[in-house]
Visitor: 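One structure coming up, written as structure tokens, with questions to follow.
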Amino acid sequence: MKESTLDSLDTSASPASLDLRARAETVMARCHALDRFSEESGRLTRRYGTPALRAAQDEVAGWMIGAGMSVHRDAVGNLFGRYPASAEDAPALLIGSHLDSVSDAGRFDGPLGVICAVSAVEALHAADVRLDHAIEVAAFADEEGVRFGSAYLGSRTVTGDLGERDLALTDRDGVSFAEAIRTFGGDPDGVAASRREPADLLGYLEVHIEQGPELEAHGLPVGVVSAIVGFTRVAVEFTGHAGHAGTVPMGRRRDALVAAAAFVLAAESIAAAEPGAVATVGELTVSPGAGNVVPGAVRLSLDLRHPDDATRLRLRDQLETEARAIGAAREIGVGWRPAYDNPAVPADAAMAGRLEAAIAALGVPVHRLPSGAGHDAAALSAIVPAAMLFVRCAGGISHHPAESVAVDDIAVALGVLDRAIAGPFGS
Ligand code: GLV
Ligand code: MN
Ligand code: MN
């Protein structure tokens, strides 16, 4: 298939006054600039509630203010920049993504969408343009759910979906989400009041790297997400008995890690036997955690996904049954604590249509593709029409430091975003 390049695009109708390529270079430079806000030196890790995330937010807040926005944080510490409409009290279109990351992350997963959104407002501000609606740029504080084994804790604050169960979730050090909110300068008691009124919002648009190989295979810079996969996250605990590695005979052990290992293999084979299913155990905490001690307890994360919700829930139940059977056979206690279940979410047709019209206006073939990754748009779609624009990434690599995006593709995404956020919204 023919490669779409920036040079072949019709950018003449862009409402932005600045050149798309120059803006894309700024977006790229800013994505790189956020590298320095990390919990670990030499690796990009920016989990919810950490000083690294706060520092990244402060940097982005500076860019928002420079783009003519007023900034505020809500009760969990999501950052918002608001660019006013031509008339007071007009509803806002929400655009953005997240600033938290997985451990040893790439630099584009999340920040690309936030920074493209800032760029779109910056272009309006530079041209002294006010739209009929306000634009709010959202920089969500927890999308990945890495710290608390959940997901979308930031965007679910906006939708009013967070409850006591979420606030009681603990990280691997036993710190609760409620405590982490306080440390981050927020207020767990204010979470309910941070819910946004759907009537105040026109919808949500998110730019994100694809994190898969499809756009690259089609030679396309961007594509429109058709649906976002549903997923389940569970904290699983195996509790046996710690003991001396040199003196407890093999036949008398209740080794929690051996049970956990059997479960990891069961998760692999159960998912492999179901077309479209993926199951991942990405985090294991072994206690007491010493080379000469039989493991007494293991806490592990389970992430299970399937495009069909009923299939995912059936596999979830099958995995729970399997975990309990493994525990029973080895006299190991099994704790099964569901942390999050999110259904698959189709894109809103009208919002996706805005993106498609914008892509077509740029002379790029319109391509729709599903997302196997989770996104804030999935959470937001519970209260507003939501859609996503994917940007091609090299080799489909993501959740890895080698994640990469081309400047020209960012420029196309900006051209699409400029158009999609402007113009009238249906009543
Ligand atoms: C988020 O990136 C997820 O899909 O886990
Ligand atoms: Mn991610
Ligand atoms: Mn992401």
Side-chain angles (χ1 to χ4, degrees), residues 31 34 38 43-48 53 56 60 78-79 95-117 137-156 158 204-215 223 225 227-235 271 276-283 301-307 309 312 339-345 347 369-381 386-393 396-405 410 413:
C31 286
L34 294 186
S38 173
R43 300 188 351 148
L44 175 56
T45 300
R46 207 161 47 221
R47 294 169 308 150
Y48 173 78
L53 179 64
V60 171
N78 290 318
L79 171 70
I95 56 177
S97 191
H98 59 99
L99 290 180
D100 67 312
S101 83
V102 295
S103 301
D104 201 14
R107 64 173 61 87
F108 299 103
D109 174 2
L112 177 67
V114 174
I115 296 169
C116 282
V137 176
F140 294 112
D142 177 277
E143 184 264 6
E144 302 286 3
V146 167
R147 182 165 172 192
F148 296 102
S150 184
Y152 311 145
L153 293 171
S155 41
R156 285 166 56 214
V158 172
Y204 176 69
L205 288 176
E206 178 170 357
V207 174
H208 203 284
I209 59 161
E210 180 199 343
Q211 307 181 278
E214 191 167 327
L215 292 172
V225 173
I228 300 171
V229 73
F231 60 87
T232 290
R233 286 186 176 157
V234 185
V278 285
T280 306
V281 174
E283 192 178 11
S301 61
L302 172 67
D303 179 306
L304 173 68
R305 309 184 188 208
H306 193 281
D309 291 330
R312 174 175 51 82
Y340 194 53
D341 261 317
N342 195 61
V345 177
L369 71 172
S371 173
H375 296 289
D376 293 305
L380 264 300
S381 68
M388 292 188 74
L389 182 74
F390 269 175
V391 183
R392 167 170 54 188
C393 67
I397 297 168
S398 187
H399 283 187
H400 188 278
E403 202 172 75
S404 86
V405 181
I410 296 175

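Counting begins at 1 with the first residue of the sequence. Whatever order the structure lists them in is the order used to number ligands and atoms, beginning at 1.
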Visitor: With a 4.0 Å cut-off on N to O distance, would you call Asp100 and Arg47 a salt bridge?
Guide: no
Visitor: Please state whether the separation between the Mn ion (ligand 2) and some N/O/S atom of His98 is under 2.8 Å?
Guide: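 Of the N, O and S atoms in His98, none lies under 2.8 Å from the Mn ion (ligand 2), which means no.
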Visitor: Relative to the heavy atoms of Ala373, which atoms of ligand 1 are at a distance of less than 4.0 Å?
Guide: 4 (O)
Visitor: Looking at the rings of His375 and Tyr204, which for Trp means the six-membered one, are their centres under 6.0 Å apart?
Guide: no
Visitor: Distance from Glu144 atom CD to Thr45 atom OG1, nearest 0.5 Å?
Guide: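 If we round to the nearest 0.5 Å, Glu144:CD and Thr45:OG1 are 11.0 Å apart.
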Visitor: For ligand 1, find out whether one of its N or O atoms is nearer than 3.5 Å to an N or O atom of His399.
Guide: yes
Visitor: Can the positive tip of Arg305 be found less than 6.0 Å from the middle of the six-membered ring of Phe231, inside 45° of the ring normal?
Guide: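 That pair qualifies as a cation-pi contact.
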Visitor: For Arg233, is the nearest heavy atom under 4.0 Å from an atom of ligand 1?
Guide: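 It does; at least one heavy atom falls under 4.0 Å.
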Visitor: Applying a 4.0 Å heavy-atom criterion (strictly less than), which segment of His375 is in contact with ligand 1: side chain, backbone, both, or neither?
Guide: neither
Visitor: Within the stated cut-off of 2.8 Å, is an N/O/S atom of Glu144 closer than that to the Mn ion (ligand 2)?
Guide: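 Yes - counting backbone and side chain alike, Glu144 has an N, O or S atom under 2.8 Å.
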Visitor: Can you tell me which portion of His98 lies within the under-4.0 Å heavy-atom range of ligand 1? Options are side chain, backbone, both, or neither.
Guide: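 Within the 4.0 Å criterion, His98 makes no contact with ligand 1.
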Visitor: Could you tell me whether the side chain of Arg312 and the main chain of Asn342 form a donor-acceptor pair under 3.5 Å?
Guide: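 Yes: the side chain of Arg312 pairs with the backbone of Asn342.
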Visitor: So if I count the atoms of ligand 1 from 1 in the order they appear, which ones are less than 4.0 Å from some heavy atom of Glu144?
Guide: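 Those atoms are 1 (C), 2 (O).
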Visitor: What is the closest protein heavy atom to atom 3 (C) of ligand 1, and at what distance does it sit?
Guide: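 That would be Arg305 NH2, 3.3 Å.
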Visitor: Just to the nearest 10 degrees, tell me the angle at the Mn ion (ligand 2) spanned by His399 NE2 and Asp109 OD2.
Guide: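 The two atoms subtend 90° at the Mn ion (ligand 2).
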Visitor: If every non-hydrogen atom of Ser155 is compared with every non-hydrogen atom of Ala379, which pair is closest and at what distance?
Guide: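 Nearest heavy atoms, Ser155 then Ala379: OG-CB, 3.5 Å.
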Visitor: Establish, from distance only, whether the side-chain atoms of Glu283 and Ser301 form a donor-acceptor pair under 3.5 Å.
Guide: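 Result is no, nothing qualifies.
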Visitor: Using a strict 4.0 Å cut-off to heavy atoms of Gly374, name the atoms of ligand 1 that fall inside it.
Guide: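 Checking each atom against Gly374, I get 1 (C), 3 (C), 4 (O).
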Visitor: Got a second to check how far His98's NE2 is from Leu112's CG, nearest 0.5 Å?
Guide: 10.0 Å
